[in-house]
2 protein chains.
Amino acid sequence: MSSHDVKKKCKSCALYSDSKLFCASLSGNELCDLSDHSRTLSMKRGDTLEGDALSHWPIVAIDDGVVSIQHLLQDGRKTIAALFMRGDILDLRNISNRNRGALVALGKVNICRMAPKVFAQIMAENPNSQKIVWENLRDQAFRAIDHSADIAKKQALEKLASFVLECRNRQEITGNTEVIDIPVRRVDLAEYLGMQPETVSRGFKDLENRGVLDVISLKAVKIKNLQFLRRIADGDKDVIDEKGDPGSFKVLQFG
Amino acid sequence: MSSHDVKKKCKSCALYSDSKLFCASLSGNELCDLSDHSRTLSMKRGDTLEGDALSHWPIVAIDDGVVSIQHLLQDGRKTIAALFMRGDILDLRNISNRNRGALVALGKVNICRMAPKVFAQIMAENPNSQKIVWENLRDQAFRAIDHSADIAKKQALEKLASFVLECRNRQEITGNTEVIDIPVRRVDLAEYLGMQPETVSRGFKDLENRGVLDVISLKAVKIKNLQFLRRIADGDKDVIDEKGDPGSFKVLQFG
DNA sequence: TGAAAAAGTTGATCGAGATCAAAAAAGCCC
DNA sequence: GGGCTTTTTTGATCTCGATCAACTTTTTCA
């Protein structure tokens, strides 16, 4: 594959075009080398990555879309244990022996699978790239830890509020219009938060009744009262206890 | 600090004496340098690491004991979002701005806090050490992800079974005596699994009634039927549905 | 070692969210 | 764009685990 092809393949990928992401940190030679030893792949909702596909290409970088790790219990209960998005790099080497989760696309997804050898070489030789990948993995770990905290003790409304804030954290806020993109379906959201789709639906309605946010569509909400949203997510019972009568909740000026 | 002192300080530490762990992978010079730029610390139950202590020494390696990340909600609910043990290396650089968790010891703990500069240098220069730290962080991430799956949809008995198996995974099995060390208290266990201490207590009793394990003490259980324990943890309702009458559950021979 | 404090267990009651059922909305495909 | 499927929402009921309270065991520390 020539250097020209490399450019063509990588130019449109977020990992290269966003200067904060992995491929943007590579030297020309490294990018060329990695490009020669990688395969892009488009997935649609429900497509999974497993078995040979994973053992040969265990390093997965996400260009676009949302990928989940799903755990299936024997009686059919399903859990989405983690969500990965643009810029995330998954290292699935030696993962099959302990982790039961499958990698499933939650919509249209573009990924790039890298040969572990070249990836490892770059990690060893390019401190700057290493730092980017390390910080990404550390973020993955802490996101998972925070998520555990969210689903362990919080109640339905609080989980939803936390999720909206998590989405807000992960996306650039364009201007001050607080329109937050919800990148997953209601069913997936329910599975991610450990609740039922019915409860998710009721929860959003409740938040809407409290005047905290507007549900613009299934794919977006508009935050109307960020302070209250934060307090609900933080488990402030003074806010929760009012039963969601429109406009009638306690107005506590400062937190 | 002389090279002799270095030896004295590090000789008794698991990170050095266990050949699979970080400090054992260092060259003599690196170990010396890191030792000069690190501080050991003994903690007792309830001691926390935060503020200046963390921003100056954000790399924390665990020699012995159990350390938790705790999240506190505004009405007092507490969650243990993650557990860290011997060999784990925590990178808490830039963590204060997004993560609300505090680092709390759950018993007697020995840690070693490292200067980020020396740590980063070793990461950049010693591929072998880098690999060990990388794999440890990856394990932390996947442990957290698996834990999310455990607490999201599983019911009380299944969570407990999963936890016992998690403990089993993390400790060397000595011979075939299936005695598993439970390194945390009941309250902490409850907070980690997102349930109440009462429910933990009832759960262990239930598992005992089913003949799956014996509760030897508050600190150890003995697995009597590993296969059933696995199936309960996996959400097999055929096993769960029998209401825990001693010896009367369905005996399904194979998987 | 023994008394006080903390942690854990057992029992009884209650409620948030699961579950079941059915209608409404959104997405899809020819 | 209209008929089809899939997803989401709404309503009614039920259940598992939370909560409250009393008791027992373990740990702590003088």
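Bear in mind the structure is a predicted one, so any value in this text is a computation, not a measurement. Just so we're on the same page: letters track the sequence lines, and every chain starts at 1.
- Note: NZ (B/K205) to C1' (C/dT9) measures 8 Å, nearest angstrom.
- Side-chain N/O atoms of B/K154 include none lying less than 4.0 angstrom from OP1 or OP2 on D/dC16.
- The side chain of B/L218 approaches D/dT26 more closely than any other nucleotide in the set C/dA18, C/dT10, D/dT26.
- The shortest distance between the side-chain N/O atoms of A/K219 and the OP1/OP2 oxygens of C/dG27 is below 4.0 Å.
- Nucleotide C/dG27 holds its P atom 11 Å from the CZ atom of A/R186, rounded to whole Å.
- In this model, the phosphate group of D/dA18 is approached by a side-chain N or O of B/T199 to a distance below 4.0 Å at OP1 or OP2.
- Ion pairing of A/R231 with A/D234 is absent here, as no side-chain N (NZ or NE/NH1/NH2) approaches a carboxylate O to less than 4.0 Å.
- The residue B/G203 sits apart from the nucleic acid: no heavy atom pair falls under 4.0 Å.
- As rounded to whole Å, 12 Å separates atom C1' of D/dC16 from atom CZ of A/R77.
- In this structure, B/F204 places its CZ atom 15 Å from C1' of C/dA7, rounding to the nearest Å.
- With contacts defined as side-chain heavy-atom distances shorter than 4.5 Å, the pair B/R86/B/D18 qualifies.
- You'll find the side chain of A/F142 stays beyond 4.5 Å of the side chain of A/H147, heavy atoms only.
- In this entry the distance linking NZ of A/K153 with P of D/dG17 reads 14 Å, nearest Å.
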List every contact pair, protein side and nucleotides 12-15 of chain C side both N or O, where the distance is under 3.5 Å.
unit_1: C/dA12; atom_1: N6; unit_2: B/R202; atom_2: NH2; d: 3.4

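- Among the protein residues, A/V187 comes within range of the sugar-phosphate backbone only, with heavy atoms under 4.0 Å from sugar or phosphate atoms but none that close to a base.
- Counting only heavy atoms from C-beta outward, the side chains of A/R77 and B/E158 approach each other to under 4.5 Å.
- Summarising the geometry, the separation between CG on A/D206 and P on D/dT9 is reported as 14 Å, rounded to the nearest angstrom.
- Here B/D88 pairs with B/R143 in a salt bridge; the nearest charged N to carboxylate O distance falls below 4.0 Å.
- Rounding to whole angstrom units, CD1 of residue A/I182 and P of D/dT7 are separated by 19 Å.
- Residue A/K159 contributes atom NZ, which lies 12 Å from atom C1' of C/dA18 at whole-angstrom precision.
- Taking every side-chain heavy atom of B/Q155 into account, D/dC16 is the closest of D/dA18, C/dA26, D/dC16.
- Evaluation of atom-type donor-acceptor distances gives a pair under 3.5 Å for the side chain of B/E198 against the base of D/dC20.
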